[in-house]
Amino acid sequence: MSIQVYNTLTRQKEPFVPLEDHKVKMYVCGPTVYNYFHIGNARPFVVFDQVRRYLQYRGYEVKYVMNFTDVDDKIIKRGLEEGISPQQVADKYVEAFFTDVEALHVERADVYPRVTEEMQEIIAMIEELISTGHAYASEGDVYFSAHSFDEYGKLSKQTLENLIAGARVEVSEKKQNQVDFALWKAAKPGEIAWSAPWGEGRPGWHIECSAMIRKHLGEQIDIHGGGVDLTFPHHENEIAQSEACTHKPLAKYWMHNEFLNLNHEKMSKSTGNFLTTRGLLEQYEGAALRFLLLSAHYRNPVNFSPDLVENAKNGLDRIRSSYANLQHRLETAVGGDAEKVEVETFRAQFIAAMDEDFNTADAITAIFELASDANKYLRQERVQRHALEAYVALFEELMGVLALPLVAEQADLDAEIEALIAERTEARNTKNWARADEIRDQFNAMGIVLEDTPQGIRWRRK
RNA sequence: GGUGGCAUAGCCAAGUGGUAAGGCGUAGGUCUGCAAAACCUUGAUCCCCGGUUCAAAUCCGGGUGCCACCUCCA
């Protein structure tokens with residue numbers, strides 16, 4: 001059974017067959033770097049990171065490209081507010097992006113093209129569209145003529161008539177038709193601008209992705225991803241631009257993640273209904289946030305709340321403590337006969353779940369069941385080294401695929417703490433319960449839980 | 001007006017025809033010096049009304065509620 005992928009283009013799950021054997025070309029729309037991204041923005045970063053990691057796990061060689069929109073109205077505005085150049089704004093938030101995304105255990109893309117560094121390709125593509133009659137210059141702007149592309153609307157299942165009927169955008173005098181969209185915007189006085197045959201200005205929002213995909217991945221790619229809101233107009237327009245040039249399907253599979261809402265409404269910077277990822281990272285471990293994002297299927301909406309993070313954290317802790325307990329038993333375990341523990345079933349369960357359109361929720365269930373099985377095994381008085389190792393190895397493999405660290409990143413205990421643990425062991429041996437409790441309370445105050453087991457004291461961070 | 005998504009236990013969440021996975025939380029129990037962890041036990045008229053079927057959370061029709069896109073937006 002092959003991997004099944006839900007394709008927005010066909011509105012159904014399809015077997016995943018890349019254009020080229022064992023290779024996957026993948027593009028995901030990245031951020032406009034004018035601000036810290038919010039936790040809703042983080043969903044596609046994590047979701048598509050997960051898609052990529054899983055494909056890699058299944059043996060595909062993935063080339064992953066994500067763009068940075070580093071020049072646009074919001075960046076310019078921000079620069080004016082802070083008294084710095086648009087480039088400085090972009091640089092600042094690109095750096096912040098990397099920091100935050102790393103905390104969520106997102107693997108770096110192979111290429112992060114930036115609009116300002118791809119100007120030649122963008123201008124060349126616009127020229128191509130003008131020369132083939134798909135675009136026209138108008139008072140320094142350039143627009144794509146939606147009517148010139150027969151299949152316009154195929155991704156969002158919209159007809160031009162319906163789009164015109166439902167349009168909320170103001171009709172511009174410069175456009176021949178209100179559904180046409182900008183490829184190039186003439187610069188306002190004093191604004192950052194680049195020279196182009198039709199005048200000074202900067203690219204429209206959609207053309208950058210078309211140009212970058214073509215340059216870094218080629219005329220056709222396997223997977224194009226982004227949030228559902230990008231389906232229209234952004235991805236629809238990308239298709240129009242790219243396919244008008246190449247006459248080939250831009251992407252084989254279009255994948256869209258649903259939203260992570262707040263108060264049951266879309267997170268939005270303009271209304272203030274959002275929580276920055278950066279802010280949440282001060283309170284919660286990145287792994288807990290990632291776990292939360294992977295706890296639901298990517299095409300289902302999720303309503304964010306602190307309780308949800310707490311829930312995710314507790315679930316993650318269950319897996320981690322099982323793993324830690326295995327490790328602890330391993331310290332005293334001895335070799336033995338080749339007693340078989342059957343863990344293959346959990347790997348198979350995990351793979352079956354992920355194959356089904358990247359069902360991370362079910363994949364996590366497989367890991368929970370692995371934990372239950374391991375916990376039951378651990379209750380036995382005699383355990384065997386190789387059995388423990390089999391559990392440990394599978395935990396590491398599967399949690400590795402999900403990029404969820406099995407051990408919270410913390411400093412190791414220092415000598416003083418080790419000494420205290422030794423003292424407590426001694427206190428317990430002499431049945432000095434008062435002292436033993438005192439030391440345990442002391443650790444508790446430091447956020448460390450001590451657990452007494454037949455194999456000695458075990459400790460963990462809360 | 002057009003195009004989508006969602007509605008499953010206190011909470012989160014899988015499940016697209018064969019009478020409801022998993023996690024969190026709660027309560028009780030076992031274990032423990034006491035704990036913790038773990039284990040066992042504990043919980044569902046699957047939004048409503050029709051229909052198809054031997055059989056429906058799942059398919060069809062009709063409702064209701066919430067969210068989103070058609071304007072920058074993950």
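Here is the naming used below: chain letters follow the sequence lines, and residue numbers restart at 1 for every chain.
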Considering just the side-chain nitrogens and oxygens of [X], establish if one lies under 4.0 Å of OP1 or OP2 belonging to [N].
X	N	result
Asn300(A)	rA13(B)	no
Lys431(A)	rC34(B)	no
Asn41(A)	rA74(B)	yes
Asn359(A)	rG15(B)	yes
Asn261(A)	rG5(B)	no
Arg460(A)	rA36(B)	no
Arg461(A)	rA36(B)	no
Asn311(A)	rG23(B)	no

When we call it a touch if two heavy atoms are under 4.0 Å apart, what does [X] touch: a base, just sugar-phosphate, or nothing?
X	value
Asn325(A)	sugar-phosphate
Lys157(A)	sugar-phosphate
Leu378(A)	nothing
Glu310(A)	nothing

Residue pair Val62(A) / Arg52(A): nearest heavy atoms and the distance that separates them: CG1-CG, 3.8 Å
Complement of rC6(B), any strand, by Watson-Crick or G-U distances under 3.5 angstrom: rG65(B)
Partner nucleotide, any strand, of rU26(B) [Watson-Crick/G-U, under 3.5 Å]: none
Listed nucleotide nearest any side-chain atom of [X], set [options]:
X	options	value
Arg458(A)	rA14(B), rA36(B), rC39(B)	rA36(B)
Leu230(A)	rG33(B), rA74(B), rC70(B)	rA74(B)
Asn314(A)	rA37(B), rC70(B), rC24(B)	rC24(B)

Please determine whether side chain to side chain donor-acceptor pair (under 3.5 Å) holds for the pair Gln455(A) and Thr332(A), giving the CA-CA distance in whole Å, both sets of side-chain angles, and the decisive distance to 0.1 Å. CA-CA 7 Å; Gln455(A) 290 78 35; Thr332(A) 54; 5.4 Å; no
May I ask you to check whether [X] and [Y] show a side-chain donor-acceptor distance below 3.5 Å?
X	Y	result
Gln176(A)	Ser145(A)	no
Arg53(A)	Tyr57(A)	no
Asp373(A)	Tyr391(A)	yes

Cation-pi, Phe98(A) ring and Arg108(A) (6.0 angstrom, 45 degrees): yes
Tell me if the side-chain of [X] makes a donor-acceptor pair with the base of [N], cut-off 3.5 Å, by modelled atom types.
X	N	result
Asp437(A)	rG33(B)	yes
Arg299(A)	rC6(B)	no
Gln158(A)	rG2(B)	yes
Arg440(A)	rA35(B)	yes

Separation of rA74(B) atom C1' from Lys269(A) atom NZ, nearest Å, is 10 Å
Please check if the side chain of Asn359(A) supplies one atom and the backbone of Ala353(A) the other of a donor-acceptor pair under 3.5 Å. no
So, Arg290(A) side chain and His105(A) main chain: donor-acceptor pair closer than 3.5 Å or not? yes
On a whole-Å scale, what distance lies between the P atoms belonging to rC60(B) and rU52(B)? 15 Å
Mind checking the C1' distance from rC70(B) to rC49(B)? Whole angstroms is fine. 32 Å
Please list, in numerical order, the residues of residues 388-401 of chain A that have a heavy atom closer than 4.0 Å to any atom of RNA chain B. none
side-chain contact (heavy atoms from CB on, under 4.5 Å) partner of Val89(A), chosen from Arg78(A), Lys77(A), Lys74(A): Arg78(A)
Would you please test Ser322(A) and Asn375(A) for side chain to side chain donor-acceptor pair (under 3.5 Å) and show each step? CA-CA 6 Å; Ser322(A) 178; Asn375(A) 289 340; 3.0 Å; yes
Is the ring centre of Phe368(A) under 5.5 Å from the base ring centre of rG23(B), and are the two planes under 30° apart, so that they stack? no
Take Ser2(A) and Arg58(A) through the test side chain to side chain donor-acceptor pair (under 3.5 Å) and record every step on the way to the result. CA-CA 10 Å; Ser2(A) 63; Arg58(A) 296 286 260 119; over 6 Å; no
Report, one pair per line, the protein and nucleotides 29-32 of chain B atoms (nitrogen or oxygen only) whose separation is under 3.5 Å.
none

